[in-house]
Amino acid sequence: MIVRISGEGQYRLSDADGERLNALEGAVVTVINEGRGEDFPAAFGAVLDFVREHGEELADDALDASQVILPPADATYDEARHEFTGEGLIPD
Amino acid sequence: MAGLGGRMSTVVKAKVSKLLDRAEDPAETLDYSYQKQVEQLQNVKKGIADVVTAKKRLQMQENSLQQSVVKLDTQARQALAAGKEDLARTALERKNVAQTELQGLDTQVAELEDQQQKLTDSEQKLRAKIEAFRTKKEVIKAQYSAAEAQVRISEAATGVGEQMADVGLAMQRAVDKTENMRARADAVQELEAAGTFDDITQLGPGEDDIDRQLKELSSQPAVDDELAKMKSELGSGAPAPQIASGEAPAGEGKQA
């Protein structure tokens with residue numbers, strides 16, 4: 001599966017890594033839902049680091065669409081909270 | 001694709017898809033599509049230029065503030081050597097405010113550098129994808145039937161479109177940050193315009209208001225400490241700096 005980190009680039013991840021990524025991402029959402037802003041940088045950083053470490057970066061001229069798009073590395077807790085809680089862009 | 005990606009990435013992806021939808025169907029007309037891509041590339045270039053301009057403005061302010069810090073430090077020493085402790089305190093309060101502003105500017109210049117780097121990287125990726133798209137569409141047009149070519153080109157265009165959307169979001173972040181910084185730059189400019197960092201020996205009547213505000217803005221404990229330090233240096237027989245030499249002791253110019 002192909003994962004994009006906004007403002008950074010695209011990475012190809014195996015399906016197994018895709019599932020681990022999903023779990024890490026779930027942890028970030030939990031941090032946000034529980035209002036633990038102090039834990040956000042570490043949890044979010046773990047998601048990005050996982051992608052960078054386990055993914056294979058696509059060449060600049062690759063024309064593949066991404067299945068997953070992550071927020072930019074400089075996204076703040078407030079931005080994340082604003083986007084991923086409340087009504088959100090996509091209701092569950 | 002169900003099950004892939006959690007809520008966070010789903011939301012971001014939706015945002016990007018929305019941007020893609022808003023654009024004309026990128027594969028509708030090939031040459032039009034390519035033209036849109038090239039236009040977007042020009043926008044990115046302009047975005048980078050704006051970031052550079054904002055950064056230069058902050059750097060000019062930094063230079064000006066650094067000079068003020070040096071000047072005010074010198075004047076504080078001169079005032080103290082002449083036994084005018086009140087004047088020395090005023091100069092140190094102003095120096096303290098200037099140093100605080102400098103630290104803020106340092107952080108912002110670093111942030112803008114970061115934005116500039118990211119936009120430059122994105123521009124490079126977009127350029128590479130546009131070039132790949134241009135080549136690919138010619139190959140596809142030559143090799144496939146019209147209907148099949150349309151599908152394949154549409155796929156390739158999605159890849160470019162996603163990068164365009166990503167660059168668009170990055171540019172929006174850069175613009176937001178640049179605007180925040182403009183507010184600080186304006187605040188510094190107001191302080192300068194109010195004569196905050198002017199030659200304190202030129203102080204005349206009517207400056208009381210500025211001084212009252214400065215007392216609030218500056219860190220009094222830091223000013224007390226520095227005044228005490230200066231006094232002890234003068235008291236211990238350290239040579240007083242030359243009047244109006246404009247030179248500060250080493251290491252005093254900028255305390256980041």
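In what follows, every chain begins at residue 1, and chains take the letters A, B, ... in the order their sequences are listed. The shown structure was predicted, so the numbers you read here are calculated from the model rather than taken from an experiment. The basis for the numbers below is simple: all heavy atoms, side chains too, and nothing from hydrogens, waters or symmetry mates.
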*asked:* Using salt bridge (charged side-chain N to carboxylate O under 4.0 Å, His left out), reason through B:Lys118 and A:Asp74 one step at a time and then give a plain yes or no.
replied: CA-CA 11 Å; B:Lys118 278 186 184 149; A:Asp74 64 352; 3.8 Å; yes

*Show your reasoning for whether side chain to side chain contact (heavy atoms under 4.5 Å, CB included) applies to B:Lys125 and A:Asp61.*
CA-CA 7 Å; B:Lys125 284 194 169 72; A:Asp61 62 358; over 6 Å; no

*Which answer fits B:Arg127, side chain, backbone, both or neither, if we ask what part of it has an atom under 4.5 Å from a heavy atom of chain A?*
neither

*asked:* Check this for me: B:Lys55, atom NZ, are more than 12 non-hydrogen atoms of other residues, nucleotides or ligands nearer than 6.0 Å?
replied: yes

*Considering non-hydrogen atoms only, spot the tightest contact between B:Thr158 and A:Ala65 and give its length.*
CG2-CB, 3.9 Å

_Heavy-atom contact with chain B under 4.5 Å, split by part of A:Ala59_ = backbone

*Could you walk me through whether B:Glu155 and A:Asp64 pass side chain to side chain contact (heavy atoms under 4.5 Å, CB included), step by step?*
CA-CA 8 Å; B:Glu155 283 167 6; A:Asp64 308 73; over 6 Å; no

*In terms of heavy-atom proximity below 4.5 Å to chain A, should B:Gln117 be classed as side chain, backbone, both, or neither?*
neither

_Need one label for A:Glu8: side chain, backbone, both or neither, based on atoms under 4.5 Å from any heavy atom in chain B._
backbone

_Taking A:Asp60 first and then B:Lys129, would you say they form a salt bridge - that is, a charged N and a carboxylate O separated by under 4.0 Å?_
no

